[in-house]
Amino acid sequence: MGDCIFCKIAVGEIPAKKCFEDDFVIAFHDIHPLRPTHVLVIPKRHIVSLTNVGLEDEPVLGRMLSIAQKIAVEHGSDDGFRCIINTGRVGGQEVPHLHLHILGGSEPVGPMVSKVK
Ligand code: 5GP
Ligand code: ZN
C-alpha cells in the first residue's frame, strides 16, 4: 500500500465521498469533478494499472464495469455515461492505483479525445 492515496481512501485513512462498496471495489466521487457525475471505481486491492493485471484480477475487473450502470443512474446519468481507464504515461494516468472514471450527467460528455496537433 505504501503512500498510495487510493489505498488510503479504500481503508478510510483519507476521507472521500463514498457511494458504493462491496468485497472487491469501492466507488467515490472525484475530488475535481469534470462532469456533473464523476465517480471513480477502484479495486480494494492495490493494482497499479491495467498494465499490471492478470487472469486472477478478472473478477474485480468485471465488477468495476458491472456496477458502473447502477452508480451512473444513481447519480443522474440515466441516459448514458462514459467509462475511462487512463493507463500509464501515454494514457495520462496520474494516480498509480487502477481506477475507472464514470462520467456523465444530463448532457453529452463530449468528444472522446481531442486531436493532438
Ligand atoms: P487519472 O488522471 O489518474 O486517471 O485520474 C486521477 C483522478 O483522481 C483525478 O480525476 C483526480 O481529480 C482524482 N483524485 C486525485 N486525488 C484524489 C483524492 O484525494 N480524492 C478524490 N476523491 N479524488 C482524487
Ligand atoms: Zn493503492
Side-chain angles (χ1 to χ4, degrees):
M1 170 167 135
D3 278 339
C4 176
I5 48 172
F6 284 1
C7 280
K8 288 183 175 171
I9 286 175
V11 298
E13 261 183 47
I14 291 180
K17 241 176 104 186
K18 290 184 187 176
C19 54
F20 181 86
E21 178 167 6
D22 66 12
D23 289 345
F24 289 108
V25 301
I26 289 185
F28 53 92
H29 292 265
D30 196 292
I31 203 164
H32 299 303
L34 297 173
R35 292 293 182 276
T37 304
H38 190 170
V39 173
L40 302 174
V41 186
I42 66 168
K44 283 186 166 175
R45 189 171 82 74
H46 183 80
I47 300 173
V48 173
S49 78
L50 278 186
T51 59
N52 302 85
V53 298
L55 286 180
E56 69 279 12
D57 299 310
E58 285 184 356
V60 74
L61 293 170
R63 185 64 55 84
M64 287 169 71
L65 290 174
S66 66
I67 53 114
Q69 161 76 5
K70 170 182 154 62
I71 291 172
V73 169
E74 281 176 3
H75 294 88
S77 300
D78 51 0
D79 198 18
F81 56 93
R82 182 171 299 161
C83 288
I84 298 174
I85 301 179
N86 295 322
T87 304
R89 180 182 65 84
V90 171
Q93 181 178 4
E94 288 177 5
V95 177
H97 180 130
L98 177 65
H99 51 281
L100 173 73
H101 295 257
I102 300 173
L103 293 158
S106 55
E107 297 302 317
V109 171
M112 192 165 70
V113 285
S114 309
K115 207 170 184 177
V116 177
K117 297 247 163 66

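Atoms within each ligand, like the ligands themselves, are counted from 1 in listed order.
Under a 4.0 angstrom heavy-atom cut-off, I85 registers as lying outside contact with ligand 1. At least one heavy atom of H101 sits under 4.0 Å from some atom of ligand 1. Ligand 1 is never approached by A16 to a heavy-atom distance shorter than 4.0 Å. In this structure, I5 counts as a contact residue of ligand 1, since one of its heavy atoms falls inside 4.0 Å of the ligand.
The Zn ion (ligand 2) lies closest to atom ND1 when only the N/O/S atoms of H46 are considered. Atom ND1 is the N/O/S atom of H97 found closest to the Zn ion (ligand 2).
The backbone N or O of G62 sits less than 3.5 Å from a side-chain atom of S66, completing a donor-acceptor pair. In this structure a side-chain-to-backbone donor-acceptor pair under 3.5 Å is present from R35 to V109. T37 contributes no side-chain N or O that, together with a main-chain N or O of L103, makes up a donor-acceptor pair within less than 3.5 Å.
On a distance-only criterion, H38 and ligand 1 share no N/O pair closer than 3.5 Å. Checked against a 3.5 angstrom limit, the closest N/O atoms of D30 and ligand 1 fall inside it. Polar contact with ligand 1: absent for I14 (N/O pair, distance under 3.5 Å).
Here the heavy atom of the protein found nearest to atom 6 (C) of ligand 1 is H99 NE2, 3.5 Å. Atom 23 (N) of ligand 1 has as its closest protein heavy atom I31 N, 3.2 Å. Protein heavy atom closest to atom 8 (O) of ligand 1, with residue, atom name and distance, is F6 CZ, 3.5 Å. H29 O, 2.9 Å is the protein heavy atom nearest to atom 22 (N) of ligand 1. For atom 3 (O) of ligand 1, the nearest non-hydrogen atom of the protein is E94 N, 2.6 Å.
In the hydrophobic clustering of this structure, I102 groups with M64; members are Ile, Leu, Val, Met, Phe, Trp, Tyr whose side-chain heavy atoms approach within less than 4.5 Å, directly or through other members. By the rule that hydrophobic residues join a cluster once side-chain heavy atoms approach within less than 4.5 Å of another member, L61 and I67 end up as members of one cluster.
Taking every heavy atom of N86 and a limit of under 4.0 angstrom, the matching atoms of ligand 1 come to 1 (P), 2 (O), 4 (O). Close contacts between ligand 1 and I9 involve ligand atoms 20 (N) [criterion: under 4.0 Å to a heavy atom]. For ligand 1, the atoms lying closer than 4.0 Å to a non-hydrogen atom of Q93 are 3 (O). Within ligand 1, the atoms closer than 4.0 Å to a non-hydrogen atom of F28 are 21 (C), 22 (N), numbered from 1 in the order shown. Short contacts between ligand 1 and G92, defined as distances under 4.0 Å to a heavy atom of the residue, involve ligand atoms 2 (O).
H29 and H38 are not linked by any side-chain donor-acceptor pair at a separation below 3.5 angstrom, with hydrogens and angles left out of the test. For the residue pair T87/S49, the side-chain donor-acceptor check at 3.5 Å is not satisfied.
The two residues I71 and A27 have their closest heavy-atom pair at CD1-CB, 3.5 Å. Residues A68 and L100 come closest through the heavy atom pair CB-CD2, 4.5 Å. For the residue pair H97 and H99, the shortest heavy atom distance occurs at O-ND1, 2.6 Å.
Taking the six-membered ring where tryptophan is involved, the planes of F28 and F6 are perpendicular, since the angle between them exceeds 60° and thus also 30°.
Ranked by closest heavy atom to atom 15 (C) of ligand 1, the top entry among L98, V95, L103 is V95.
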Between D3 and K8, is a salt bridge (charged side-chain N to carboxylate O under 4.0 Å, His left out) present by the stated rule, with each step listed? CA-CA 8 Å; D3 278 339; K8 288 183 175 171; 3.8 Å; yes

